[in-house]
Q: 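Below: one structure in structure tokens.
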Amino acid sequence: MALTIHNNLTGKKEKFVPLEEGRVSIYVCGVTVYDDIHMGHARSMVVFDTIARYFRHIGYEVNHVTNFTDVDDKIIDRAAQTGEAPLELSARYIEEYFKDSESLGLVGADAYPKASESMGDIISMVSDIIDAGFGYAAEDGSVYFSVDRVEDYGRLTNQRLEDLESSGRIAQDPHKRNPMDFALWKAAKPGEISWDSPWGKGRPGWHIECSAMIRAVMGDRIDIHGGGNDLIFPHHENEILQTEAVTGEPLANYWVHNGMLQVKGEKMSKSVGNFFRVRDVAARYRKEEIRFYFLNAHYSSPMVYSEEAMEESSAGLRRLWNNHGDLVAYARKPSGDYDAAEEIAAMRAAFRKQMDDDFNTRGAIEALFNLARATNRLMSEGRLSQKGALDALGAMAECNEVLGILPEAGGDEGDIGPLVDLLIEIRGELRGMKAYALADRIRDGLADLGIVLEDTSDGVKWKKG
RNA sequence: GUCGGGAUAACAAAGUGGCCAUGUGGGGGACUGCAGAUCCUCAUACGGGGGUUCAAAUCCCCCUCCCGACCCCA
């Protein structure tokens, strides 16, 4: 079955056809670095990280690029408050961003262009837009994009220009020819950070940096453009206008947007102040738990964040971890001869089918749960072979390359194995003498060291908790 | 106002014409010194109203409610 993607440009699920056989280019709008990132950003990061991982998993060569907006009004305002230079402040938060990326288990993008380091590309793109007749320099030294020059405005939004103009939310600006025109280049106010340009000192408008950086780093056309669905209008709409004004070609073939993370039914956002920092959540949960929380729902659905939701989702994930640990332990002392080939093949097929269906991670996770139930049963019946246990672990590991929700394989079990076995043996003798207090001390003590003992009808099993 | 996306059992969340979703939580049972894990099993669904169909959570129409976008945003 072929990979299908819900394309927001058409509103339909479409078969994915890359521009170039075997390769996929993905650009994801990154963050404005004036503060720590929150769980809403984390969702977007995990979602697109997983999509990139899946493309690699099925054999694509992936070019994944995400940007940093490190020059803008909010950064300038915040820097004025802290007394830092704007670029110092943004550099500091970019460092924090990478720390948080690790707490989310991100593979990472292939390139992270920054607006401040792309001025040449941005200025030349603005010039190209003016040359193409879509931009004009105003008297104040700013450059605007002329929406009236565009014939089919609102392709991504499915909005008509007149409707947007009449929304009453568009600020009037004497320098603009049409109130819907947007800034490509903003003239600097006195004392503000600025760059030299043919139109005087200034800095880029918000939308132009993405268009310019995509063009410079990835080329005129890309396969997939992603971001949060709050960016659809005006940001992505305007990116399309800018790029196509210059290239005359579609910017991206597929537009993919993740749903918003809400708090108590309201969008998590810095301006509302109802956000949970990634750093704080990561202090309490492992990266696998955070990823599982996000991937347990479809990327496009809205999610409501709460501590309770995290706890509930982690309780479910522990079931998979237990199964994984049990399989590892079982493989050391297998007792059956059934290879579970059918169950494992069914899981692989279901995983692929679900992921191919617009990256349905929730459905893919379900396939893992189904295999877990099957192998748990086979282990409890003592029917699973060593090959079956190892194959199941192998299949789980393959899925995990995409999802990143299972603990990474520890390699030091061989070293502690004999020690644990000795303790289990001694505890067994104590239990035989009904010296339960001492036996429990061994079990509790090992638990504190991260080794969990479980008494089963099949003998004592241990695993790393 | 215009344009999107939603409403599934206690909670979370897939599915999209007929067959067991899944996970958490709850009830019962197995195992058991206890604990935990695991297995078996049970219960509770498709916002409301019409329609199409042998058959609708799924298709069509209407209604209600929620979220998002239109200033900044993942």
Side-chain angles (χ1 to χ4, degrees), chain A residues 8 11 28-32 34 37-48 66 69 72-74 154 156-160 162-171 180 206 226-237 257-262 265-272 292-293 296-298 300-304 306 308-320 322-323 325-326 329 354 357 360-370 372-373 375-381 431 434-437 439-440 443-444 447 452-458 461 463 465:
Chain A
N8 272 134
V28 183
C29 283
V31 292
T32 301
Y34 72 99
I37 59 168
H38 60 61
M39 289 294 281
H41 305 118
R43 181 180 191 194
S44 186
M45 290 155 72
V46 168
V47 160
F48 288 103
T66 191
T69 299
D72 100 315
D73 291 347
K74 289 192 174 170
L156 191 59
T157 331
N158 201 19
Q159 289 270 74
R160 291 179 314 149
E162 307 87 78
D163 292 334
L164 289 164
E165 282 166 2
S166 62
S167 77
R169 298 220 203 172
I170 308 300
M180 287 299 294
W206 177 35
N229 69 13
D230 54 344
L231 297 180
I232 295 173
F233 187 89
H235 188 55
H236 290 165
E237 193 70 55
H257 297 104
N258 63 276
M260 289 296 103
L261 189 64
Q262 305 169 5
E266 193 178 27
K267 180 177 145 186
M268 183 180 290
S269 112
K270 289 182 198 169
S271 46
V272 180
F292 183 82
Y293 169 72
N296 207 197
H298 189 83
S300 65
S301 309
M303 289 181 86
V304 180
S306 68
E308 295 74 40
M310 269 301 294
E311 286 297 328
E312 193 178 313
S313 128
S314 290
L317 177 57
R318 255 171 255 134
R319 181 172 166 79
L320 289 180
N322 284 332
N323 174 251
D326 288 346
Q354 295 292 345
D357 183 8
N360 189 347
T361 51
R362 169 66 210 204
I365 285 168
E366 203 171 301
L368 286 172
F369 276 113
N370 286 333
R373 190 176 356 93
T375 53
N376 278 335
R377 181 178 192 167
L378 289 166
M379 284 190 284
S380 72
E381 292 169 346
R431 290 175 72 206
K434 296 200 190 294
Y436 294 122
D440 287 351
R443 184 173 62 192
D444 295 344
V452 181
L453 299 193
E454 286 173 4
D455 301 320
T456 73
S457 52
D458 220 25
K461 290 193 293 189
K463 65 189 170 200

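Letters A, B, ... mirror the listed sequences (proteins, then strands); counts begin at 1.
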Q: For A/D230, which contact category applies under a 4.0 Å heavy-atom criterion: base, sugar-phosphate, or nothing?
A: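 Since a base atom lies under 4.0 Å of A/D230, the category is base.
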
Q: Give a yes/no answer on whether the side chain of A/R377 brings an N or O atom under 4.0 Å of OP1 or OP2 in B/C39.
A: no

Q: A/S301 near the nucleic acid: base, sugar-phosphate alone, or nothing, with a heavy-atom cut-off under 4.0 Å?
A: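 Sugar-phosphate contact only - A/S301 comes under 4.0 Å of backbone atoms but never of a base.
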
Q: How does RNA chain B read in dot-bracket, base by base from 5' to 3', with Watson-Crick or G-U pairs under 3.5 Å and | used when the partner is on another strand?
A: (((((((..(((.....[...))).(((((.......)))))....(((((..]....))))))))))))....

Q: Any base atoms under 4.0 Å from A/T32, or only sugar-phosphate, or nothing? Heavy atoms, all strands.
A: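 A/T32: backbone/sugar contact only, no base atoms under 4.0 Å.
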
Q: When we call it a touch if two heavy atoms are under 4.0 Å apart, what does A/D440 touch: a base, just sugar-phosphate, or nothing?
A: base

Q: Hey, does A/N376 reach any base, or is it just sugar-phosphate, or nothing, if we go heavy atoms under 4.0 Å?
A: sugar-phosphate

Q: Looking at every strand, decide which applies to A/K434 at a 4.0 Å heavy-atom threshold: base, sugar-phosphate, or nothing.
A: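 Nothing: the residue A/K434, judged by heavy atoms under 4.0 Å, touches no strand.
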
Q: Which heavy atom of A/S44 sits nearest to which heavy atom of A/G228, and what is that distance?
A: OG-N, 4.4 Å

Q: Looking across every strand, which nucleic acid part, if any, lies under 4.0 Å from A/A309 by heavy atom: base, sugar-phosphate, or nothing?
A: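 Contact class for A/A309: none.
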
Q: Near RNA chain B, counting only heavy atoms under 4.0 Å, which residues of residues 37-44 of chain A show up?
A: A/H38, A/G40, A/H41, A/S44

Q: Ignoring hydrogens and geometry, is there a side-chain-to-backbone donor-acceptor pair from A/N322 to A/R318 under 3.5 Å?
A: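 Flag set: sc A/N322 to bb A/R318 pair under 3.5 Å.
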
Q: Considering only side-chain heavy atoms of A/K74, which listed nucleotide, B/G15, B/C72, B/A74, is closest?
A: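 It is B/C72.
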
Q: Would you indicate what A/Y436 reaches in the nucleic acid, counting non-hydrogen atoms under 4.0 angstrom: base, sugar-phosphate, or nothing?
A: base

Q: For A/L231, which contact category applies under a 4.0 Å heavy-atom criterion: base, sugar-phosphate, or nothing?
A: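 Sugar-phosphate only.
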
Q: Kindly indicate, with the supporting measurements, whether the criterion salt bridge (charged side-chain N to carboxylate O under 4.0 Å, His left out) is fulfilled by A/D455 and A/R431.
A: CA-CA 11 Å; A/D455 301 320; A/R431 290 175 72 206; 3.2 Å; yes

Q: Quick one: is B/A37 close enough that its OP1 or OP2 comes under 4.0 Å of any side-chain N or O from A/R373?
A: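 Result: no.
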
Q: Counting only distance, no hydrogens or angles, is the base of B/A35 paired donor-acceptor with the side chain of A/R443 under 3.5 Å?
A: yes

